[in-house]
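All remarks here apply to the structure that follows.
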Amino acid sequence: MNHLVKLSTQMRKIAGLCIALLLSPGISAERADALAAGGQDNVRSFYATLLATMKDGRTLGQSGRYARLAPVVDRVFDVPSMTRLAVGSSWATLPPAQQQRLTEAFRHYIAATYADRFDSYSGEQLQVTGERPYNADVIVQTKIVKSNGETTTLNYLTRQNQGSWQISDVYLDGTISQVAVQRSEFNAVCCDARGSRVSSRR
C-alpha cells in the first residue's frame, strides 16, 4: 500500500514537471509580448503628449512647448545613457560635475529639438506601426504622416531601465542613429577645440 502511495506521489510530481515544461514556452512568449508592449506604450505615451503640444503649439510658443515636453522627455528617454554614448570613450575621463552638466545639456537639447520641430498642428498623424526585437531590446517602429500623405519613418530603440521602458536612441528614416550623429558632432567640436588650444600655444 505504501509503495502505491509513493508511486502515485512520484507520478504527480512528474506530471507537474511535464506541465511546467510544456507551459514554459507559452510563459516566455507572453513575457516577450509584455516587454514589447511596454516599449510601444512608452512611445505612444510620448506621442500623445507631443500631439497635444502640437495642437496648442502656437498658443504655447517655443518656451511653453518646451516646458510641456521637458518632463515627459525626462521620463521617457534614457538621457544619461544617450549622453554617455554620444560623448563616447572620453566620457570615463570626465569629472562627475562635467558629466552632469553634459547630461543636463543633452536633456535640454532633446526637449528643445522636439519643441522646435513639432511647433504646430495641421492634420499630422503620429502612428506606432509595430515593433521588432533587437537583441535584448525592442525597436518600436513609427511613422509621421503629414496631411498631404507624405510620411517620415522614426524608429525608437527602447530598453528596460530599472523596471521601466525608456528610449535610448532614435532612428530617422529607420536607419540614421541620433546618438551616432551627435557623437560625430561632439567629436568634431572636441577636435576643433583641441586644434585651437594647439594653435594658441605656438
Side-chain angles (χ1 to χ4, degrees), residues 35-87 91 97-131 134 137-148 150-186 189:
L35 293 179
Q40 289 191 51
D41 288 346
N42 195 36
V43 175
R44 285 194 182 94
S45 172
F46 174 58
Y47 271 2
T49 302
L50 187 59
L51 190 61
T53 304
M54 290 169 65
K55 290 179 178 179
D56 297 336
R58 298 189 188 281
T59 303
L60 291 170
Q62 172 74 18
S63 59
R65 294 193 301 272
Y66 175 84
R68 182 179 288 184
L69 290 172
V72 181
V73 164
D74 195 38
R75 174 177 57 83
V76 170
F77 286 79
D78 186 357
V79 178
S81 173
M82 295 176 75
T83 308
R84 288 195 302 271
L85 291 172
V87 172
W91 175 265
Q98 191 169 355
Q99 290 178 348
Q100 182 62 31
R101 287 196 297 272
L102 282 170
T103 301
E104 290 302 319
F106 202 81
R107 179 178 288 108
H108 171 79
Y109 168 80
I110 295 172
T113 297
Y114 277 100
D116 181 59
R117 294 180 181 173
F118 296 85
D119 59 344
S120 61
Y121 179 75
S122 56
E124 294 86 354
Q125 299 177 48
L126 310 182
Q127 300 176 352
V128 175
T129 59
E131 108 283 319
Y134 184 78
D137 306 326
V138 172
I139 291 180
V140 178
Q141 300 160 316
T142 82
K143 62 181 179 180
I144 299 169
V145 184
K146 294 183 178 180
S147 55
N148 63 2
E150 181 183 340
T151 64
T152 300
T153 299
L154 276 181
N155 290 343
Y156 294 86
L157 178 63
T158 64
R159 62 180 46 153
Q160 279 199 310
N161 181 22
Q162 297 180 348
S164 63
W165 282 92
Q166 288 187 308
I167 297 166
S168 59
D169 202 355
V170 184
Y171 296 94
L172 178 63
D173 293 330
T175 58
I176 304 171
S177 164
Q178 176 185 349
V179 169
V181 169
Q182 286 155 347
R183 184 188 302 123
S184 177
E185 292 174 350
F186 180 85
V189 170

Examine the side chains of Gln62 and Arg65 and answer whether a donor and an acceptor come within less than 3.5 Å of each other.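 Short answer, yes.
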Under a plain distance cut-off of 3.5 Å, with no hydrogens placed, do Ser184 and Gln182 share a side-chain donor-acceptor pair?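 Per modelled atom types, Gln182 and Ser184 side chains form no pair under 3.5 Å.
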In the structure I gave you, are the side-chain heavy atoms of Arg159 and Ser81 within less than 4.5 Å of one another anywhere?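 They are in contact (side-chain heavy atoms under 4.5 Å apart), so the answer is yes.
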Any side-chain heavy atom of Thr142 within less than 4.5 Å of one from Leu126?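 Heavy-atom side-chain distance check fails, nothing below 4.5 Å.
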Is a donor on one side and an acceptor on the other found under 3.5 Å between the side chain of [X] and the backbone of [Y]?
| X | Y | answer |
| --- | --- | --- |
| Thr152 | Ile144 | no |
| Asp169 | Leu157 | no |
| Ser120 | Arg58 | no |
| Asn42 | Trp165 | yes |
| Gln178 | Leu172 | no |
| Ser45 | Asp41 | no |

Quick one: side chains of residues 110-117, donor-acceptor pairs under 3.5 Å with protein atoms, not counting sequence neighbours, listed by atom name and distance.
{"residue": "Thr113", "atom": "OG1", "partner": "Tyr109", "partner atom": "O", "Å": "2.7"}
{"residue": "Tyr114", "atom": "OH", "partner": "Tyr156", "partner atom": "OH", "Å": "3.3"}

N-O pairing of Glu104 and Arg107 below 4.0 Å: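 Looking at Glu104 and Arg107, the cut-off is met.
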